[in-house]
Each structure stands twice: as structure tokens, then as C-alpha cells.
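A short worksheet on the structure shown next.
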Amino acid sequence: MQYKRIIPFLNTEGEIGANITKLASEYSDRGADELLLYNFSKDENSGEEFLKLCKQIARSIDIPFIIGSYINDFEQAKKALYTGASGVLLPYSIFDKSKLVKDISSRFGESKIYLEIEQTDFMFKDNIYEQCKELGIGTLLINYIDDSEAFIDKISKAKLPIIIKDNLKSNDIRYLLEIPNVVGITTDFFINKDIMKAKQALKQENINVNVFESKHSWSELKQNYDGLIPVITQDYKTGEVLMLAYMNEEAYNRTITDGRMTYFSRSRNELWLKGESSGNYQYVKEIFLDCDNDTLLAKVIPAGPACHTGNKSCFYTSLIEKEFKKTNSYHILEDVYNVIMDRKKNPKEGSYTNYLFDKGIDKILKKCGEEAAEIIIAAKNPETGELRYEMADFLYHLMVLMVQSGLDWEDITTELLDRDMRE
């Protein structure tokens with residue numbers, strides 16, 4: 001289903017990076033569908049700092065983001081998209097560099113190319129859609145001034161998806177999103193506002209926005225004798241179980257509407273918005289119902305510890321233990337990576353890992369090349385034992401390279417996920 005997108009924009013020029021990252025995370029947690037980050041400074045250092053900031057933001061949010069930055073050549077476009085951005089916003093003046101736009105679109109796909117245009121230019125450009133199609137531009141972003149009849153008529157007949165950008169008011173947002181070809185609104189209207197609440201209001205106006213909707217009514221769930229249902233809450237990224245609590249019907253409905261976990265406190269006999277006093281909110285990603293319809297599993301983004309003791313999880317007291325081999329592949333790779341990272345930060349005498357770091361990037365690259373060649377040789381052998389060994393060797397050296405280059409598994413898996421969604 002194609003939802004209308006709410007896209008807060010953040011102008012990073014002259015702003016403190018930590019503040020922008022915090023705001024981006026808040027938008028992501030509170031219901032934004034996408035972000036627009038921009039800094040059109042032509043200063044090379046400012047541009048590099050902006051791209052570094054975008055990479056940091058990519059690691060702290062789980063929604064797509066579009067980058068608007070000064071792009072004068074293909075390499076600059078590539079760097080922008082390699083931050084993890086879902087698209088790049090090009091200025092209207094880029095029309096003078098048609099070959100550059102075609103090259104970017106050919107390499108990354110027209111769905112990643114956005115063109116920013118003033119409403120006045122849009123109105124006087126009769127062949128704008130044909131030009132965009134020819135250059136490989138997938139979406140128009142129009143800087144909105146007013147809702148003249150001619151403007152509404154033209155975007156209603158648009159041959160490309162349209163995003164409207166400006167410092168809009170709620171009535172403008174509702175009105176413009178009703179236009180079929182308008183796929184999203186980008187605005188700073190939602191700063192310090194509850195986006196999920198605003199989207200619920202838009203939903204009531206029959207605007208097709210992405211909000212939480214339960215597939216079962218509360219009456220279909222099996223409650224215990226006092227009308228409550230137990231809820232197991234889990235970190236959606238790590239899978240770690242954080243806590244067990246209860247919900248009544250009001251807590252359940254508020255959780256769905258607000259997008260933050262609300263429970264019912266049996267000891268206080270009242271609703272309990274997790275994080276209301278501590279700030280450790282739990283932002284909902286998914287909620288599952290078990291096979292007996294009597295227990296919920298909530299997967300959340302925790303904004304802080306779940307336990308009142310300050311522990312991340314309430315389940316931190318070990319009762320029974322047995323030594324065992326970990327079998328979660330991702331956790332194993334993460335653990336090995338963490339050991340390599342620790343060697344980098346805290347060198348250990350006689351460590352082969354530290355030997356590689358001491359020799360530097362050329363030695364690490366040489367070893368990666370050698371191990372890749374060993375994989376090719378081993379793959380010709382019908383027995384898989386040697387291939388498994390060589391692949392493990394290669395992965396180890398690859399992780400050394402990742403640490404040396406400032407990458408981690410989150411960077412790699414995010415890129416793979418993004419690539420999978422594109423193909």
C-alpha cells in the first residue's frame with residue numbers, strides 16, 4: 001500500500017551535529033516516514049562534515065532519508081548516496097548539467113533522484129515532466145508558495161510523484177495530501193510536535209498515512225480474570241527480552257494510537273506510559289499475538305533502560321547456567337568484531353591482530369587479497385572443509401579491514417538491506 005509520507009526537513013547549516021542527530025532520532029521514533037537532510041554549502045570542508053553527519057544519522061534512525069547537498073560531479077553524488085541515503089535532492093540549476101544527472105540516474109536509478117524546483121519555475125516550465133523523464137529524475141520536490149487553482153490543477157495532472165516542501169500549516173498539509181499525485185509533505189512544521197498524533201488526525205480525515213492499526217479488536221483477545229493481558233517486550237534490533245508487564249484495553253489502545261508502550265500498573269492500579277518520568281520511552285515497531293490469543297509480544301526501540309534498577313533488561317539475574325556454544329551467526333560475527341576492535345583500542349603483546357594494525361592498511365589489504373585467492377583455490381576442491389576454513393580466514397581479515405576503515409556490521413547489513421529493497 002502506498003502511504004502519503006510525512007517528511008520532516010532538517011537544515012544542518014550552522015547547526016551542532018549532535019543536536020541534528022538527536023532531532024533526527026526523535027523524528028524517526030515518533031512516526032516520521034522519511035527525513036530530508038540538507039546543506040547546500042559549496043565549502044568543501046562543510047560538505048565533508050555534512051556527509052559525516054549523515055552517516056551518523058543513518059546509524060541512529062530506521063527510516064529512509066534524502067540528502068540535499070552541493071553536487072558538482074559524479075563523485076560528490078556517489079559520496080552522498082554512500083552515506084546510506086535513500087535519495088539525493090538536486091537543485092533546479094542541475095538542468096544545465098544534463099549528462100551528470102543522466103550518469104547519476106543510470107548508476108543509482110531514477111527512484112533515487114529528486115529535483116527541487118520553485119513553484120514559480122514549476123508553473124512556467126511546460127515540459128518539466130518530459131525533461132525529468134529524459135534525465136532520469138524520479139520525483140519532483142516543489143517549494144510551495146500558495147495553492148492557486150492553476151498550481152493545484154498542474155500537480156493534479158503530474159506525470160511524476162510530487163513532494164511539497166515549505167513551512168506549512170496543518171490545514172495546508174491535509175489539503176495538499178488529498179491530491180493523488182502528491183506522495184508526501186516535507187516541512188519543519190512538526191518540530192517539537194507529536195507526529196504520530198498528527199498522523200492519526202490525518203487518518204481520521206481519510207488521508208492514507210502510515211499509522212498503527214490492530215488487526216484484532218481488544219474483545220478478540222483472551223484476557224485474564226481481571227481484564228489484563230501479559231506483554232513481553234523485546235528490543236527489536238537485538239532480540240533481547242527487556243521486561244514483562246500487563247495491558248488493559250485502554251493501555252492497548254493508547255499504545256496503538258501513540259506509538260509508545262503504555263502498560264497497566266497492577267500495584268498502582270493505573271495506566272503507565274513507560275518512560276513518562278524517566279524519559280526511557282519504548283517506541284513500538286511491531287506487536288505480535290501468540291497462538292492462544294492471550295499474550296502479546298512487543299518489539300520496540302528502547303530509549304533507555306527498561307528496568308527501574310538501571311539495567312537494560314529486567315532479566316539480569318542468572319538462576320541456572322550451562323556452558324554452550326553460541327549459534328546465532330550475527331552475534332558471533334559481532335563478538336569477533338568486538339574483540340578485533342578491542343585489540344585496536346587496547347593492544348596486546350604478541351597479538352596477530354595488533355601485528356596487522358601495526359603494519360597498516362597495505363598489509364591488511366594484502367592479506368585480504370591472499371585470503372580471497374585461497375577461497376578461489378579451495379572452492380575447486382569438492383570437500384567443503386577447506387573452503388569453510390579459508391572463508392573464516394577471509395572474514396577475520398575482512399573484519400580487521402572494517403575496524404581499520406571505521407566500518408562495522410551495522411554499516412554492512414544496512415547497505416545489504418537497502419540493496420535488497422532496490423533489486
Side-chain angles (χ1 to χ4, degrees), residues 16-18 20-22 24-25 44-62 67 75-76 78-85 235 237-240 312 323-381 384-420:
I16 297 172
I20 293 293
T21 302
K22 182 175 182 290
S25 295
E44 187 175 343
N45 290 332
S46 295
E48 289 296 326
E49 287 302 313
F50 173 59
L51 295 184
K52 286 180 184 177
L53 175 61
C54 290
K55 288 179 182 179
Q56 292 172 5
I57 290 173
R59 295 167 62 85
S60 65
I61 65 176
D62 60 0
I67 281 185
E75 283 301 310
Q76 288 175 327
K78 188 166 70 170
K79 284 182 179 180
L81 287 165
Y82 281 177
T83 62
D235 185 316
K237 277 191 175 180
T238 66
E240 183 177 6
K312 182 180 179 183
E323 288 188 8
F324 63 94
K325 247 186 195 180
K326 287 184 179 180
T327 56
N328 186 307
S329 302
Y330 178 72
H331 285 170
I332 293 169
L333 291 172
E334 193 171 37
D335 288 346
V336 174
Y337 176 92
N338 289 337
V339 171
I340 295 170
M341 176 63 81
D342 183 66
R343 291 289 185 271
K344 175 80 169 173
K345 293 178 178 177
N346 305 295
K348 183 179 179 182
E349 188 176 353
S351 164
Y352 174 67
T353 304
N354 284 125
Y355 163 77
L356 291 174
F357 285 134
D358 290 341
K359 290 295 183 181
I361 187 68
D362 289 341
K363 180 65 175 180
I364 295 170
L365 293 175
K366 183 172 183 291
K367 288 301 298 181
C368 286
E370 289 173 357
E371 297 302 336
E374 293 292 342
I375 287 175
I376 295 169
I377 295 168
K380 301 294 287 184
N381 190 330
T384 60
E386 184 182 356
L387 180 60
R388 180 179 65 184
Y389 180 88
E390 297 300 346
M391 282 186 165
D393 251 5
F394 176 74
L395 276 173
Y396 159 76
H397 287 92
L398 182 65
M399 282 187 273
V400 174
L401 177 60
M402 287 164 60
V403 170
Q404 180 75 7
S405 304
L407 295 173
D408 63 17
W409 283 115
E410 186 79 14
D411 296 311
I412 307 304
T413 54
T414 299
E415 174 59 29
L416 285 171
L417 177 62
D418 184 48
R419 188 173 301 176
D420 181 61

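Since the model is a prediction, treat every value here as computed from it, not as a measurement. Numbers here are sequence positions counted from 1.
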For this session: Find the distance between CE (M399) and CH2 (W409) and round it off to the nearest 0.5 Å.
Result: 5.5 Å
Exercise. Are the charged groups of K237 and D62 less than 4.0 angstrom apart, N to O?
Worked result: no
Seminar exercise, completed: CG (L401) and OH (Y396) are apart, to the nearest 0.5 Å, by 12.0 Å
For this session: Rounded to the nearest 0.5 Å, what's the gap from OH on Y337 to CG on L407? Could you check?
Result: 7.5 Å
For this session: Please report the shortest heavy-atom distance between D393 and E371, naming the atom on each side.
Result: CB-OE1, 3.4 Å
Problem set entry | Exam field: side chain S351 to backbone T353, donor-acceptor pair closer than 3.5 Å | yes
Exercise. With no hydrogens and no angle check, is any side-chain donor or acceptor of S60 less than 3.5 Å from a backbone partner on I57?
Worked result: yes
Exercise. Judged by atom type as modelled, is there a donor-acceptor pair below 3.5 Å linking the side chain of N381 to the main-chain atoms of A378?
Worked result: no
Exercise. Can you tell me how far CD1 of I375 sits from CD of E386, rounded to the nearest 0.5 angstrom?
Worked result: 11.0 Å
For this session: Measure the spacing between CG of L398 and CD1 of I364 and express it to the nearest 0.5 Å.
Result: 11.0 Å
For this session: Determine whether more than 12 heavy atoms belonging to other residues, nucleotides or ligands lie under 6.0 Å from atom OH of Y352.
Result: yes
Exercise. Are any non-hydrogen side-chain atoms of K312 and D235 less than 4.5 angstrom apart?
Worked result: yes
For this session: State plainly whether the residues E48 and K52 are in salt-bridge range, i.e. N to O under 4.0 Å.
Result: no
Problem set entry | Backbone N/O of E334 and side chain of N338: donor-acceptor pair under 3.5 Å | yes
Seminar exercise, completed: Shortest non-hydrogen pair, E410 vs T413, comes out as O-OG1, 3.3 Å
Exercise. Is K344 atom NZ crowded by more than 12 heavy atoms from other residues, nucleotides or ligands, each under 6.0 Å away?
Worked result: yes
For this session: With side chain to side chain contact (heavy atoms under 4.5 Å, CB included) as the test, would you mind laying out the steps for E374 and Y389 before giving the verdict?
Result: CA-CA 10 Å; E374 293 292 342; Y389 180 88; over 6 Å; no
Problem set entry | Exercise: identify the closest heavy-atom pair between V403 and I340 | CG2-CG2, 3.7 Å
For this session: Please name the pair of heavy atoms, one in I67 and one in C54, separated by the smallest distance, quoted to 0.1 Å.
Result: CD1-SG, 3.6 Å
Exercise. In terms of side-chain geometry, is the basic nitrogen of R59 or D411 positioned less than 4.0 Å from the acidic oxygen of its partner?
Worked result: yes
Exercise. Any sub-3.5 Å donor-acceptor pair from N354's side-chain atoms to R343's backbone N or O?
Worked result: yes
Exercise. In Å, rounded to the nearest 0.5 Å, how long is the span from CG of L51 to CG of L81?
Worked result: 10.0 Å
